[in-house]
Amino acid sequence: MTTPPKYALEPLLEHRDRAVDDAKSELGSAVRTCESAAEAKARAERNRMEAEERMAAVRAAEAARLAQGGQRALDLARARDWEVVARAEMEILKRAVEQASAHLERARENAARARAVLAQSMAERDVVARDKDRFVNRVRRNAEAAEEEAAAEAWGGTARIQGDQAVRG
């Protein structure tokens, strides 16, 4: 009995399997980065909103004190200075949200690219895998056909010998 032929593209299939594994790993990393960026953006937005609420509360308290006449010129100057600082802080927090949003968008784009690379890698691997399946099936069918032919020859040869003996007898 002969050994079945080996699939010639096996190294290519293994290479493409590794490419799929690498692409899966890259996608996993990209998704984790995306999740981290989304959390950072949410945190930045939460910080901005909390600062806005604190500033609104301080403004309301200062307005109430002013309405009651409980403020002096020094208090008004401090309030003006506080307002300048508060606006600068809000600007910093707004920029942090914008940067977090931009980072999240880049992370989403990277994840989308990683998905596309994975899909391409899987498609390339599947082409070779289907070809290997066809090769294996063809080898199996050929082996079965050879076995059937050998069995038919053995059976037919035995029948001929028995037929020859009957004619002689």
Side-chain angles (χ1 to χ4, degrees), residues 1-64 66 76-150:
M1 179 175 241
T2 63
T3 60
K6 293 185 180 184
Y7 182 59
L9 298 179
E10 191 66 37
L12 178 62
L13 182 58
E14 290 170 1
H15 170 73
R16 290 193 175 170
D17 279 336
R18 283 189 302 273
V20 167
D21 291 342
D22 291 346
K24 285 178 182 177
S25 177
E26 287 296 321
L27 177 58
S29 178
V31 167
R32 284 188 297 278
T33 300
C34 196
E35 290 169 351
S36 176
E39 290 169 5
K41 179 183 177 193
R43 198 170 34 255
E45 287 176 339
R46 196 170 42 253
N47 290 343
R48 182 186 54 81
M49 288 174 41
E50 289 171 356
E52 283 179 347
E53 291 170 0
R54 281 192 313 274
M55 291 175 194
V58 169
R59 285 185 188 109
E62 290 297 315
L66 182 61
L76 294 175
R78 285 183 183 154
R80 187 192 67 225
D81 291 344
W82 176 85
E83 189 65 38
V84 169
V85 171
R87 286 185 182 155
E89 182 182 348
M90 283 306 300
E91 193 58 36
I92 290 169
L93 292 171
K94 286 179 185 176
R95 271 187 264 141
V97 169
E98 290 169 359
Q99 288 173 347
S101 294
H103 181 67
L104 176 58
E105 186 58 33
R106 284 190 305 274
R108 286 180 176 159
E109 290 169 1
N110 288 340
R113 274 192 295 277
R115 279 185 195 88
V117 167
L118 175 59
Q120 180 68 32
S121 297
M122 290 174 75
E124 290 171 355
R125 181 212 45 208
D126 291 348
V127 166
V128 180
R130 281 191 300 274
D131 183 65
K132 181 181 180 180
D133 289 343
R134 287 189 298 270
F135 173 81
V136 168
N137 287 334
R138 189 171 49 249
V139 167
R140 183 184 44 78
R141 282 192 311 269
N142 289 344
E144 288 173 357
E147 286 176 15
E148 287 176 10
E149 184 177 319

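For clarity, every value in this text was computed on a predicted model and none was experimentally measured.
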Sequence neighbours left out, what pairs pass side-chain hydrogen bond (donor to acceptor under 3.5 Å, both in side chains) with at least one residue falling in residues 102-126?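 side-chain hydrogen bond (donor to acceptor under 3.5 Å, both in side chains) check on residues 102-126 returns Asn110-Arg113, Gln120-Glu124.
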Selection residues 4-23 - residue pairs positive for side-chain hydrogen bond (donor to acceptor under 3.5 Å, both in side chains), sequence neighbours left out: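 For residues 4-23: Tyr7-Asp131, Glu10-Lys132.
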Which residues share a side chain to side chain donor-acceptor pair (under 3.5 Å) with Glu52, sequence neighbours left out: Arg48
Residues which pass side chain to side chain donor-acceptor pair (under 3.5 Å) with Asn137, listed by chain and number, not counting sequence neighbours: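 Testing Asn137 for side chain to side chain donor-acceptor pair (under 3.5 Å), a comparison that skips the adjacent residues, returns Arg140.
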Donor-acceptor contact below 3.5 Å, side chain Thr33 vs main chain Ser29: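 Present.
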How close do Leu93 and Asn47 get, heavy atom to heavy atom, and via which atoms? CD1-O, 4.0 Å
Residues which pass side chain to side chain contact (heavy atoms under 4.5 Å, CB included) with [X], listed by chain and number, not counting sequence neighbours:
X      : result
Pro5   : Phe135, Val139
Ala96  : none
Ala114 : Leu27, Ala30

Donor-acceptor contacts under 3.5 Å from residues 54-64 side chains, at least two apart:
from  : atom 1 : to    : atom 2 : distance (Å)
Arg59 : NE     : Glu83 : OE1    : 3.0
Arg59 : NE     : Glu83 : OE2    : 3.1
Arg59 : NH2    : Glu83 : OE2    : 2.6
Glu62 : OE1    : Gln71 : NE2    : 2.4

What salt bridge (Lys or Arg N to Asp or Glu O under 4.0 Å) pairs are there with at least one residue in residues 32-42, not counting sequence neighbours?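 For residues 32-42, and leaving out neighbouring residues, the salt bridge (Lys or Arg N to Asp or Glu O under 4.0 Å) pairs sorted by first residue read Lys41-Glu45.
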Between CZ on residue Arg134 and CZ on residue Arg141, distance to nearest 0.5 Å: 11.0 Å
Calculate, to the nearest 0.5 Å, the distance between atoms CD and NZ belonging to Glu98 and Lys94 respectively.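 One gets 8.5 Å once the value is rounded to the nearest 0.5 Å.
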Atom CE of residue position Met49 - does it have more than 12 heavy atoms of other residues, nucleotides or ligands inside 6.0 Å?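 No.
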